[in-house]
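Note sheet for the following structure.
For the numbers below, each heavy atom of this structure counts, side chains included, while hydrogens, waters and symmetry mates do not.
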Amino acid sequence: MKSNAQNSKVIKVLFVSTEVAPFSKVGGLGDVVGALPKSLLKYGIDVRIVTPAWPGVMQRLRDAGHKISTFSQRVSVSYAWHSVEAIVHRVDLEGVPVYLLESDEYMGSMYPWDLNAATARPFAVFCMQVLELKKVVGWTSDIFHCHDWTSAFLPCALAWHRRYHDPNAKSVLTLHNVAHQGMFPPAAFLDESGLDPSCFNMWALEYYGQVNLLKGAIISASAVTTVSPRYAWEVQTFESTQALSKVINANKDKLTGILNGIDTDYWNPETDPLIPECYSSDSLFGKAECRRELLKNTGFDPAYKGPLVVCVSRLVEQKGFDIILPALKQLDSLDAKFIFLGSGQRWIEEALRGAASAHVDSVCFFPGYNEPLSHLLYAGGDIYLMPSLFEPCGLSQMIAMRYGTVPVAREVGGLMDTVIDADCDGGGNGFTFITYDTQGMLWSLRRAIERFSNVKAWGKIRQRGMLEDFSWSHPAALYRDLYKSIL
Ligand code: ADP
């Protein structure tokens, strides 16, 4: 017999996420949650988003002139036997209602460096507030779509919370990055959050003596997705996720890999207001102007004609900096200039700063997070460097291709699903390598640099990348089918 939700015409999905671009974004998760719902609307899904109002978010919304409605009633939950309230605001993101929860809980930095029972608390409170939200907004979802460990408490609560246990509720968990699992010593977490302590066992939330929220959610969610098909396979193998792969493997019947898209309206070189001159795959004059402007910003020789290798990234080991940095010591053998934009781990920032001051003519480093500048790098660059150690999906390589900047990428995760080596039969859209070391990366980078000097061949590779369909249209249809399958 069909459930009510299945009979009703419209499927109602609530995205539960700690990042939503453009309100709050640390990496690709924010991009995905900011863009996928807009495409789901086109498939008739009644989709909404709920997210914490991190410090500065409400002010930025006001400054940007967003119309904000605030509900008169607050959402209230109990944590450690005290009531915790949040003000509920609603804004519109191109047709998608977004609920922002403003609470003292979310006054600290977004993600704690040191995760423990105390610093995990805002994420548990957030999920409980989401479960109470319907009382305030008068709208109930058929499916909670959660993202990564930061909203993984919600499926766990539906399975094992004293108050929120609901065996009929449906949830989808998307794994954007299994490297972060929400793992910490239990201390008083179970008691204070209201989870039934009996769920602290190896078949549920416990993982080598610690709470592991992601593990709990993988077990308890109705369906689990990864952000690329290749990553769905990798997360079941030992080397990519340690022993959590066994948990994922045991739940593989409900696992699907759906490749992320990018917001092709926002990332569009034909209309992008953040680049000095727009262009298309048919007419690339604007790209040359973007390159000139980028060169001006770097202080490199403005007459330089060789390839500009660009990289916009979180500065973390995952992104391959331990193999990039040694390459910057072999610059004499590379006819290319490098431009990096990023923020993250201090040792990588210092190493990039050092490389830039040692090679002022060929390495430039812009420290920090800078959205407008990232557009200039994507548009003004020739080669996009992305030699990741692991990469669940990766959006930057797709953005780069859309802007005619040819990726050099490692064959891993979503990079493998999106970048095809130009030396393969039938032609590709980039240059790839398999072995994670500097020599492997340089092998591909050198092939790209050499090909760049062949204007016709380079034009074909660039054109193939620009014409790829990286929109959300197809992935959104796959999510719609997944939602239907669990109702
Ligand atoms: P991840 O989510 O692992 O950081 P992705 O490639 O999936 O990597 O997404 C990264 C997103 O964050 C892209 O939109 C990229 O342009 C953006 N980004 C990363 N670092 C910066 C930065 N320093 N300034 C501006 N945008 C950045």
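- Note on ring orientation: taking the six-membered ring where Trp is involved, the planes of Tyr403 and Tyr378 are tilted (angle from 30° to 60°).
- Screening Thr150, Thr18, Thr119 for a side chain to side chain donor-acceptor pair (under 3.5 Å) involving Tyr111 leaves a single residue, Thr18.
- Ring geometry, His145 versus Phe15: the interplanar angle falls from 30° to 60°, so the pair is classed tilted.
- Using cut-offs of 30° and 60° for the angle between ring planes, the Phe184 and Phe189 rings count as perpendicular.
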Discussion item. Show, in sequence, the C-alpha distance, side-chain angles and deciding distance for Phe470 and Trp267, and conclude whether the ring pair (Phe, Tyr, Trp, His ring centres under 6.0 Å) test is met.
Written reply: CA-CA 10 Å; Phe470 291 129; Trp267 295 110; over 10 Å; no
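- Of the charged side-chain nitrogens involved, at least one lies within less than 4.0 Å of a carboxylate oxygen, so that Arg74 and Glu85 count as a salt-bridged pair.
- Residues satisfying the side chain to side chain donor-acceptor pair (under 3.5 Å) criterion with Asp253, sequence neighbours excluded, are absent altogether.
- Relative ring orientation between Phe153 and His161 is described as perpendicular, the plane-to-plane angle rising above 60° on a 0-90° scale split at 30° and 60°.
- Within a 6.0 Å radius of CH2 in Trp203, no more than 12 heavy atoms belonging to other residues, nucleotides or ligands are found.
- Salt bridge Glu234/Arg230: present, at least one basic N to carboxylate O contact under 4.0 Å.
- Between Arg402 and Glu270 no salt bridge is recorded (no basic side-chain N to carboxylate O distance below 4.0 Å).
- Between Glu132 and Lys135 there is a salt bridge, since at least one side-chain N of the basic residue sits less than 4.0 Å from a carboxylate O of the acidic one.
- Between Asp265 and Lys38 there is no salt bridge, since none of the side-chain N atoms of the basic residue sits less than 4.0 Å from a carboxylate O of the acidic one.
- Atom CG of Asn249 is surrounded by more than 12 heavy atoms from other residues, nucleotides or ligands within 6.0 Å.
- The aromatic rings of His375 and Tyr266 sit perpendicular, their planes meeting at an angle over 60°, well past the 30° parallel limit.
- Between Asp92 and Lys67 there is no salt bridge, since no side-chain nitrogen of the basic residue lies less than 4.0 Å from a carboxylate oxygen of the acidic one.
- When each of Arg314, Lys319, Arg410 is paired with Glu391, the salt bridge (charged side-chain N to carboxylate O under 4.0 Å, His left out) condition holds for Lys319 and for no other.
- Side-chain atoms of Gln236 and Ser245 include no donor-acceptor pair closer than 3.5 Å.
- Taking the ring centroids of Phe123 and Trp149, they lie under the 6.0 Å cut-off.
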